[in-house]
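Below you'll find the structure, written out as structure tokens, and then a few comments.
Just so it is clear, the structure is predicted and the values come from calculations on it, not from any experiment.
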Amino acid sequence: MPSQVDLHMHSNASDGTDLPIQLVENVKMAGIRIFSLTDHDTTAGVMQLAKAIPEEITFIPGIEFSCRMESGKCHILGYNCDIEHPSFRSALSQGEVLRQLKLDKRLEFLQERGISFPDMEIEGLHQIPSVGKPHLANLMVQYGYAESK
């Protein structure tokens, strides 16, 4: 029998594939009764789901913070955080800035190898708070640079 609990899911607000509302449908179809959306460095998906959860499902708002230490990278999961707390908002803002810088480096890397996208697509990427490799992979497929993600 499949698990009725999943406390680590991502939507397309970070590096997942589904819209947050689609995740709710997938959760229902999979028989999951308790779940958490833990997008990387953003609560955008969590905020979209605030009023979209059916009564028979328990939703635990979450986040996955990307961290860097001397010893390497790690991810920290947080559940039921006070997403309006100034310290929390500050950490999110810092994460968005770092992700945007990483995006620029990735775009430069691709451009040096002859892979470029229209300005409209670049602007769209810069509007995603937790932009990541999957967003670039989707564009690479869309513009014929790759067959699949």
Side-chain angles (χ1 to χ4, degrees), residues 1-69 71-107 110 117-149:
M1 178 163 124
S3 175
Q4 293 186 334
V5 178
D6 191 332
L7 298 178
H8 190 180
M9 292 185 183
H10 299 294
S11 73
N12 69 348
S14 69
D15 63 352
T17 56
D18 296 329
L19 293 167
I21 198 70
Q22 289 171 314
L23 280 178
V24 176
E25 290 305 312
N26 294 344
V27 161
K28 282 173 37 180
M29 289 187 334
I32 296 170
R33 298 286 174 228
I34 302 170
F35 84 102
S36 182
L37 178 57
T38 54
D39 280 322
H40 290 277
D41 306 310
T42 183
T43 58
V46 164
M47 292 190 302
Q48 290 178 36
L49 292 183
K51 297 195 175 13
I53 307 297
E55 284 185 25
E56 67 272 13
I57 294 176
T58 299
F59 175 62
I60 302 169
I63 190 164
E64 183 171 352
F65 279 112
S66 302
C67 303
R68 186 179 302 271
M69 307 175 300
S71 59
K73 298 178 191 175
C74 71
H75 297 255
I76 299 172
L77 293 167
Y79 300 100
N80 272 334
C81 301
D82 178 359
I83 64 174
E84 298 304 324
H85 192 280
S87 296
F88 187 90
R89 302 299 317 159
S90 175
L92 280 183
S93 294
Q94 290 175 34
E96 286 179 19
V97 169
L98 293 174
R99 282 191 174 270
Q100 293 298 321
L101 291 172
K102 191 182 288 188
L103 169 65
D104 290 337
K105 287 180 183 176
R106 287 176 174 153
L107 288 169
L110 291 172
F117 307 109
D119 289 343
M120 146 188 103
E121 298 289 9
I122 303 297
E123 290 170 20
L125 289 172
H126 281 287
Q127 298 305 311
I128 302 169
S130 189
V131 66
K133 290 183 274 187
H135 300 101
L136 288 170
N138 287 337
L139 287 180
M140 291 179 71
V141 170
Q142 180 181 339
Y143 286 93
Y145 293 112
E147 289 183 25
S148 69
K149 289 192 334 183

ask   = Taking the side chain as C-beta and beyond, is there a heavy-atom pair between Lys102 and Arg106 under 4.5 Å?
value = yes

ask   = Do you know which two heavy atoms are closest between Lys28 and Ile57, and how far apart they sit?
value = CG-CD1, 3.2 Å

request  = Evaluate the side-chain contact (heavy atoms from CB on, under 4.5 Å) criterion for residues Val5 and Ile32: first the C-alpha distance (whole Å), next the side-chain angles of each, then the deciding distance (0.1 Å), finally the verdict.
outcome  = CA-CA 6 Å; Val5 178; Ile32 296 170; 5.8 Å; no

request  = Check whether any side-chain heavy atom of Leu19 sits under 4.5 Å from a side-chain heavy atom of Leu23, and report yes or no.
outcome  = no

Arg99 CZ to His135 NE2 distance, which is reported to the nearest 0.5 Å = 9.0 Å

key: Rounded distance (nearest 0.5 Å) linking atom CG of Asn26 with atom CG of Asp6   = 11.0 Å

task = Would you check if Tyr145 and Leu139 make a side-chain contact, meaning some heavy-atom pair closer than 4.5 Å?
result = no

message = Walk me through whether Asn12 and Asp18 qualify under side chain to side chain donor-acceptor pair (under 3.5 Å).
response = CA-CA 5 Å; Asn12 69 348; Asp18 296 329; over 6 Å; no

Closest non-hydrogen atom pair, Val46 against Pro61 = CG1-CB, 3.6 Å

ask   = Any idea how Phe59 and Phe35 line up, ring-wise: parallel (<30°), tilted (30 to 60°), or perpendicular (>60°)?
value = tilted

task = Please check if the side chain of His85 supplies one atom and the backbone of Asp82 the other of a donor-acceptor pair under 3.5 Å.
result = no

request  = Quick one: do Lys149 and Thr17 satisfy side-chain contact (heavy atoms from CB on, under 4.5 Å)? Show the steps, please.
outcome  = CA-CA 11 Å; Lys149 289 192 334 183; Thr17 56; 3.6 Å; yes

Worked check of side-chain contact (heavy atoms from CB on, under 4.5 Å) between Phe65 and His40 = CA-CA 6 Å; Phe65 279 112; His40 290 277; over 6 Å; no

Pairwise distance CG(Leu49) to OG(Ser36) - rounded to 0.5 angstrom = 10.0 Å

inquiry  = Given 3.5 Å as the limit, does a donor-acceptor pair link the side chain of Tyr79 with the main chain of Leu7, or not?
reply    = yes

ask   = Within a reach of under 6.0 Å around NZ of Lys133, are more than 12 heavy atoms found that belong to other residues, nucleotides or ligands?
value = no

ask   = Would you find a donor on one side and an acceptor on the other, under 3.5 Å apart, between the side chain of Arg33 and the backbone of Gln4?
value = no

request  = Over all heavy atoms of both residues, which pair between Asp39 and Ser14 is shortest? Give the atoms and the distance, please.
outcome  = OD1-OG, 3.0 Å

inquiry  = Counting only heavy atoms from other residues, nucleotides and ligands, does the tally under 6.0 Å from CD of Glu147 exceed 12?
reply    = no

request  = Determine whether His75 and Cys67 make a side-chain contact, defined as any pair of heavy atoms from C-beta on separated by less than 4.5 Å.
outcome  = no

request  = Under the side chain to side chain donor-acceptor pair (under 3.5 Å) rule, what do Ser66 and Asp41 come out as? Steps first, then yes or no, please.
outcome  = CA-CA 7 Å; Ser66 302; Asp41 306 310; 2.9 Å; yes

request  = Write down the atom of Ala13, the atom of Ala44, and the distance for their closest heavy-atom approach.
outcome  = CB-CB, 4.3 Å

ask   = Is the backbone N or O of Ile83 less than 3.5 Å from a side-chain atom of Arg89, with the two atoms forming a donor-acceptor pair by type?
value = yes

ask   = Which atom names give the shortest non-hydrogen contact between Leu107 and His126, and what distance separates them?
value = CD1-NE2, 4.4 Å

inquiry  = I'd like to check His8 versus Leu77 (side-chain heavy atoms, cut-off strictly below 4.5 Å). Are they in contact?
reply    = yes

key: Min side-chain heavy-atom separation Glu121-Gln142 under 4.5 Å   = yes

task = Look only at the side chain of Gln48 and the backbone of Gly45, and say whether a donor-acceptor pair between them is shorter than 3.5 Å.
result = no

query = When you look at Leu37 and Ile63, which way does the side-chain contact (heavy atoms from CB on, under 4.5 Å) test go after all the steps?
reply = CA-CA 7 Å; Leu37 178 57; Ile63 190 164; over 6 Å; no

key: Approximate separation, where rounding is to 0.5 Å, of Leu103 CG and Glu96 CD   = 12.5 Å

message = Looking at every non-hydrogen atom in both residues, tell me the closest pair between Thr42 and Ser130 and how far apart they are.
response = CG2-CB, 3.5 Å

key: Test item: Thr38 side-chain N/O and Met9 main-chain N/O as donor-acceptor pair under 3.5 Å   = yes

